[in-house]
Q: 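Right, I'll just put the structure down here and ask away after.
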Number of protein chains: 2
Amino acid sequence: MTTSPDPQPIAERQLCGLVNGLAQRITEHVRVRAATLGLTAAQATALREMTGPMTMRELAERMTCEPSNTTFVIDKLEKQGLVERHPHPTDRRAKHLVLTAEGAALRTRLLELLVVDSPLSGLTDQEKRVLHQLLEQAVTLR
Amino acid sequence: MTTSPDPQPIAERQLCGLVNGLAQRITEHVRVRAATLGLTAAQATALREMTGPMTMRELAERMTCEPSNTTFVIDKLEKQGLVERHPHPTDRRAKHLVLTAEGAALRTRLLELLVVDSPLSGLTDQEKRVLHQLLEQAVTLR
DNA sequence: CTCGAATGATTCAAGCTGTAAATATTCAGG
DNA sequence: CCTGAATATTTACAGCTTGAATCATTCGAG
């Protein structure tokens, strides 16, 4: 009664725990590098995904979060003069997010920081390919 | 200048995105089931990990979060009468967390809910083993 | 034994994240 | 053209999470 090992769900649970742990490690990696540029992890992720002008929704999809969340994050980046909300050229409902010159420069530095010592550096290219395939399958199938 | 595809880091980034996406899907799975029991995802995770009496720190490690976070979550569970903080038998600094009868009963129902339609059901047992091995390797190796 | 370092837990401030509701705009039919 | 459904964004709110500071207790070296 004190420490029953729990019968079946243990394998699934372990696996979920590993996924979660790795995700946290990835976030931590971003957090540390971003901090050296005065950015939070969320702000850095937004900046990283800004490969070009896009709408709030597009950014939300890239960040896999809710659009309301990007409102919050972009507010911060805009206050720092890194991003600007322009009117969208064809849809007056949408915003067209564009990096300022300063934002683009900071993004370049950020990308340089993020590639070193990746949290997945413990895997070979071959292993990464297998992992990618499995994750893709897990995410897309149901 | 408008949409440069970004040179090298794309593979790593995609992989990290997949891990993150799957982690969110796992959390979402817990969130939905937990809600039917009047629990939040964090509360349900804590309850799930309560396989027996343990300290706050032990629980934090199982949940892969900071101890200060478990203080917050256990506060909620304690208010609902599901968990109690007892003095630790051998270390007066520590708390001994124990489930109440109600807590244990709710945990049993929760575990039953969590095993159905797991977010990893798109993978075969064989694939799960491979995934487990790769994740373990990624997490432990630096 | 005693002192200082380490550990368990908590508190607080700050930031992240999701849901639901509200507003503005677009779009497809009729 | 008009209307209702759908979409883009924002706001308000509630809950989660972290990190630093704090307090009590334990542990180890001398």
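Residue numbering restarts at 1 for every chain, and letters A, B, ... go by the order of the sequence lines.
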Q: Take the protein atom CZ of B/R92 and the nucleotide atom C1' of C/dT10, then report the distance between them rounded to whole Å.
A: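 To the nearest whole Å, that distance equals 18 Å.
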
Q: Of all the heavy-atom pairs spanning A/L99 and A/V83, show the shortest one and how long it is.
A: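 Heavy atoms of A/L99 and A/V83 come nearest at CD2-CG2, 3.8 Å.
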
Q: Across the strands shown, which category fits A/Q24 at heavy-atom distances under 4.0 angstrom: base, sugar-phosphate, nothing?
A: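 The residue A/Q24 makes sugar-phosphate contact but no base contact.
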
Q: Kindly say whether A/L82 contributes a backbone atom to a donor-acceptor pair with the side chain of A/T100 at under 3.5 angstrom?
A: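 Checking the backbone N and O of A/L82 against the side chain of A/T100, a donor-acceptor pair under 3.5 Å is found.
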
Q: What integer distance in Å separates A/H88:NE2 from D/dA8:P?
A: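 It works out to 10 Å between those atoms.
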
Q: Given atom CZ of A/R31 and atom C1' of C/dG15, what is their separation to the nearest angstrom?
A: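 Checked: the CZ to C1' distance equals 10 Å.
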
Q: Among D/dT10, C/dA9, C/dG18, find the nucleotide with the atom closest to the side chain of A/R85.
A: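 The answer is D/dT10, which lies nearest to the side chain.
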
Q: With nearest nucleotides of DNA chain D determined for B/T64 and A/T55 from heavy-atom distances, which residue corresponds to the more 5′ nucleotide?
A: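 Going by which nucleotide is closer to the 5' end, it is A/T55.
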
Q: Given atom CD of A/E66 and atom P of C/dT17, what is their separation to the nearest angstrom?
A: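 Going from A/E66 (CD) to C/dT17 (P), I get 11 Å.
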
Q: Need one value for B/T70: base, sugar-phosphate or nothing, where a base atom within 4.0 Å counts as base even if backbone is also close, heavy atoms only.
A: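 No contact.
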
Q: Identify which one of A/V73, A/I74, A/N69, A/D75 satisfies the side chain to side chain contact (heavy atoms under 4.5 Å, CB included) criterion when paired with A/T71.
A: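 Going through the options one by one, the only one that passes is A/D75.
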
Q: Quick one: do A/Q80 and A/Q43 satisfy side-chain hydrogen bond (donor to acceptor under 3.5 Å, both in side chains)? Show the steps, please.
A: CA-CA 11 Å; A/Q80 298 179 56; A/Q43 290 163 19; 3.2 Å; yes

Q: If you take atom types as modelled and just measure distance, does the side chain of B/R93 reach the base of C/dT7 with a donor-acceptor pair under 3.5 Å?
A: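 Answer yes: a donor N or O sits under 3.5 Å from an acceptor.
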
Q: Would you mind reading off the distance between B/K76 atom NZ and D/dA14 atom P, rounded to a whole angstrom?
A: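 Distance, rounded to whole Å: 11 Å.
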
Q: Taking the nucleotide of DNA chain C with the closest heavy atom to each, which residue, B/H96 or A/A41, is nearer the 5' end?
A: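 Result: B/H96.
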
Q: Find out if a path of hydrophobic residues (ILVMFWY) with successive side-chain heavy-atom gaps under 4.5 Å connects B/L15 to A/M63.
A: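 Each belongs to a different hydrophobic cluster.
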
Q: Please report the distance, rounded to the nearest Å, between CG in A/N69 and P in C/dT19.
A: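 So the two atoms are 11 Å apart, to the nearest Å.
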
Q: Should B/E102 and B/L106 count as side-chain neighbours, where that means a heavy-atom distance under 4.5 Å?
A: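 No, their side chains stay 4.5 Å or more apart.
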
Q: Provide, to the nearest angstrom, the distance between the CD atom belonging to A/E78 and the C1' atom belonging to D/dT9.
A: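 Going from A/E78 (CD) to D/dT9 (C1'), I get 13 Å.
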
Q: If pairs are Watson-Crick or G-U with both distances under 3.5 Å, what is the dot-bracket string of DNA chain C, marking crossing pairs with [ ] and pairs to another strand with |?
A: ||||||||||||||||||||||||||||||

Q: Less than 4.0 angstrom from a charged side-chain N to a carboxylate O is my criterion; do B/R31 and B/E28 meet it?
A: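 Between B/E28 and B/R31 there is a salt bridge, with a charged N closer than 4.0 Å to a carboxylate O.
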
Q: Determine whether a donor-acceptor pair (one donor, one acceptor, N or O, separation below 3.5 Å) exists between the side chain of A/S68 and the base of C/dT19.
A: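 Yes, a donor-acceptor pair under 3.5 Å.
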
